[in-house]
Amino acid sequence: MNDEIVEFAERRPKTFGRRKITPRACVADGKRHLRAFLAEVLEDLGFVTSECASADELKTVLAGGFPDLILFGVAADGIEPGTFLETLVREAFDGKVLAVGARESIIVKAVQQVGEEYGLAMLPPLTTPFAAETLRDRVAMLLPDEPAPSPAVHVGEALHAGWLELWYQPKIDARTLIRCGAEALVRMRHPTWGVVPPAYFIPEEHDPHLCDLSEFVIERAVRDWHYLLERQSPVDLSINLPASYLREPQAVRDLCRRVPTHPAFGGLTIEIDSEEAIRDLDLLAEVAREVRLHNIGLSIDNLGANWPSLMDLDKIPFIKLKADRHFVTGSANDRLKRTVCRRIVELAQGYGARAAAEGIESRADLVAANELGFDLVQGFLFGKPMPLKKFARGALTRTVMDQA
């Protein structure tokens, strides 16, 4: 062992930093696909992640502030382990180090031993293949006891910084249980706070940045559709837009111009919150007439106790009515919820629209949705919203039985 490194290790502080509200992790591995996979697993656990593919890149990461965890992929053809460990010691890294490698690997054992001799805070190594629960157990001391609070970030700042992205949740045919589309949901990936939910950055109705956000959603959804087409069969997408955006004739024309002209494009659904939709029925009827010739349909989102507002109309401009998750989740055992859901299904059928249920979290919810006559279902039972690349890896015909 290098005597200079040993001496430095003996002089470095033995305190290992305080646990932060939102833990940060760096994934170090020479293989890009492995870095992406490991980073994704850590993000699912609640970490803000970064990546590096060499000891030099590691120095750059550490210069920006120490992460709480460095997950080091150890392989014979990967990052040179000695140089990697020496870099950590020279930079006085005081977080945790987790080596990941093949079971019974000589290199993994050597990295563990040398790291401990250097005075690094080595966690028990993680051998492949591993389950997400195993990784969670290894890093449990770094995870906050409660969900980390997220900052209120102005959407204008997020758009300018490029922090926004679309995540996708599968939509399932209620009868065949085959995935038949996906809803695009906007998320912010903040450099400090990680993934921030929309409640912390969606602007108010009259905020001028709401138009910019709508433009971002349309443009990104179209781009993502082409990405998904290249990697699997085409996916019919739904996006959420405010009715206020559709009041501008030029915005509607731009929307029609942007949709794909590819023969595989099955259509785009615009979901509008039920309160806005009911308030602007006349406007949306005009919009629906214009956009349907461009393979775009309008849908009501979050329909609940306000369903009577749609009664006794000659027709509605919507191709789908979606029941609010509040009335879907637990509807199997709640008479009031079942009544609301049944009325929404009957409304949809009466107007020739499809009925969708969001918030399916259990098999009991699914059974109830089938009994009530919903055409489409959506919820955690089939999958949470996920980043584009993770969604793209999902098989097109996954069923509930596959998920069990």
Side-chain angles (χ1 to χ4, degrees), residues 1-9 11-13 16-17 20 22-45 47-130 135 138-139 142 161-163 165 189-192 194 387 389-390 393:
M1 187 184 298
N2 187 307
D3 292 339
E4 180 184 356
I5 296 297
V6 173
E7 180 183 355
F8 192 93
R11 288 189 286 108
R12 63 194 291 272
F16 297 125
K20 298 177 177 62
T22 302
R24 296 169 53 233
C26 174
V27 178
D29 195 290
K31 298 180 179 62
R32 182 178 180 180
H33 69 282
L34 291 179
R35 293 199 307 273
F37 167 73
L38 293 170
E40 185 178 284
V41 175
L42 287 171
E43 287 175 359
D44 285 344
L45 293 177
F47 283 83
V48 176
T49 65
S50 57
E51 300 177 17
C52 67
S54 66
D56 287 339
E57 289 185 13
L58 175 64
K59 292 179 182 178
T60 302
V61 170
L62 297 179
F66 286 174
D68 301 276
L69 170 71
I70 290 182
L71 194 149
F72 179 27
V74 180
D77 57 348
I79 302 174
E80 205 287 312
T83 303
F84 180 85
L85 294 174
E86 290 177 4
T87 299
L88 291 178
V89 175
R90 290 184 184 278
E91 297 296 326
F93 178 68
D94 60 359
K96 307 290 186 183
V97 181
L98 176 58
V100 181
R103 192 180 302 276
E104 305 301 328
S105 167
I106 296 175
I107 299 179
V108 171
K109 293 180 180 178
V111 165
Q112 189 74 15
Q113 180 180 352
V114 173
E116 291 173 352
E117 292 175 356
Y118 280 176
L120 296 171
M122 304 295 297
L123 297 175
L126 187 65
T127 57
T128 56
F130 64 88
L135 177 56
R138 289 287 193 280
V139 301
L142 299 175
W163 294 338
E165 56 191 67
R189 195 180 296 273
H190 193 275
T192 301
K389 292 182 180 179
K390 184 175 182 179
R393 290 197 295 269

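Predicted model, so just to flag it, every value in this text is computed and none were measured.
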Here the pair of heavy atoms bringing L42 nearest to A25 is CD1-CB, 3.9 Å
Backbone N/O of R24 and side chain of D68: donor-acceptor pair under 3.5 Å: yes
Value for NE2 (H33) from CZ (R35), rounded to nearest 0.5 Å, stands at 10.0 Å
Would you mind checking if R32 and E51 are paired as a salt bridge, meaning a charged N to carboxylate O distance below 4.0 Å? no
With sequence neighbours left out, the residues meeting side-chain hydrogen bond (donor to acceptor under 3.5 Å, both in side chains) with T83 are E80
Residue set satisfying side chain to side chain contact (heavy atoms under 4.5 Å, CB included) with L38, at least two apart, ordered chain then number -> V27, L71, F130
Only residue of Y118, F72, F93 satisfying ring-ring contact (aromatic ring centres under 6.0 Å, His included) with F84 is F72
The reported gap from CE in M122 to CD in E117 (rounded to nearest 0.5 angstrom) is 11.0 Å
Self-check item: Chi angles and distances behind the side chain to side chain contact (heavy atoms under 4.5 Å, CB included) call for V97, V111
Solution: CA-CA 10 Å; V97 181; V111 165; over 6 Å; no
Rounded to the nearest 0.5 Å, the CZ atom of F66 sits from the NZ atom of K96 at a distance of 14.5 Å
Distance col, row K389:NZ vs F37:CZ, nearest 0.5 angstrom, shows 15.0 Å
Taken to the nearest 0.5 Å, the spacing of R189 CZ from W163 CH2 works out to 13.5 Å
Problem - E91 side chain vs T87 backbone, donor-acceptor pair below 3.5 Å - result: no
- Task: Please step through side chain to side chain contact (heavy atoms under 4.5 Å, CB included) for the pair I70 and L62, ending with a clear verdict.
- Result: CA-CA 10 Å; I70 290 182; L62 297 179; 4.2 Å; yes
Would you call R393 and E40 a salt bridge, using N to O less than 4.0 angstrom? yes
Looking only at heavy atoms, the pair that brings V61 and C26 closest together is CG1-SG, 4.0 Å
Scanning both residues in full, the closest heavy-atom pair of D29 with G73 reads OD2-CA, 3.2 Å
On a heavy-atom basis, the closest approach of A99 and V74 is CB-CG2, 4.0 Å
Residues pairing under salt bridge (charged side-chain N to carboxylate O under 4.0 Å, His left out) where one sits in residues 103-116, two or more places apart or in two chains, turn out to be E104-K109
Fill in: Any donor-acceptor pair under 3.5 Å from Q112 side chain to L123 backbone
yes
*Give a yes or no answer on whether the side chain of R138 reaches the backbone of L98 with a donor-acceptor pair at less than 3.5 Å.*
no
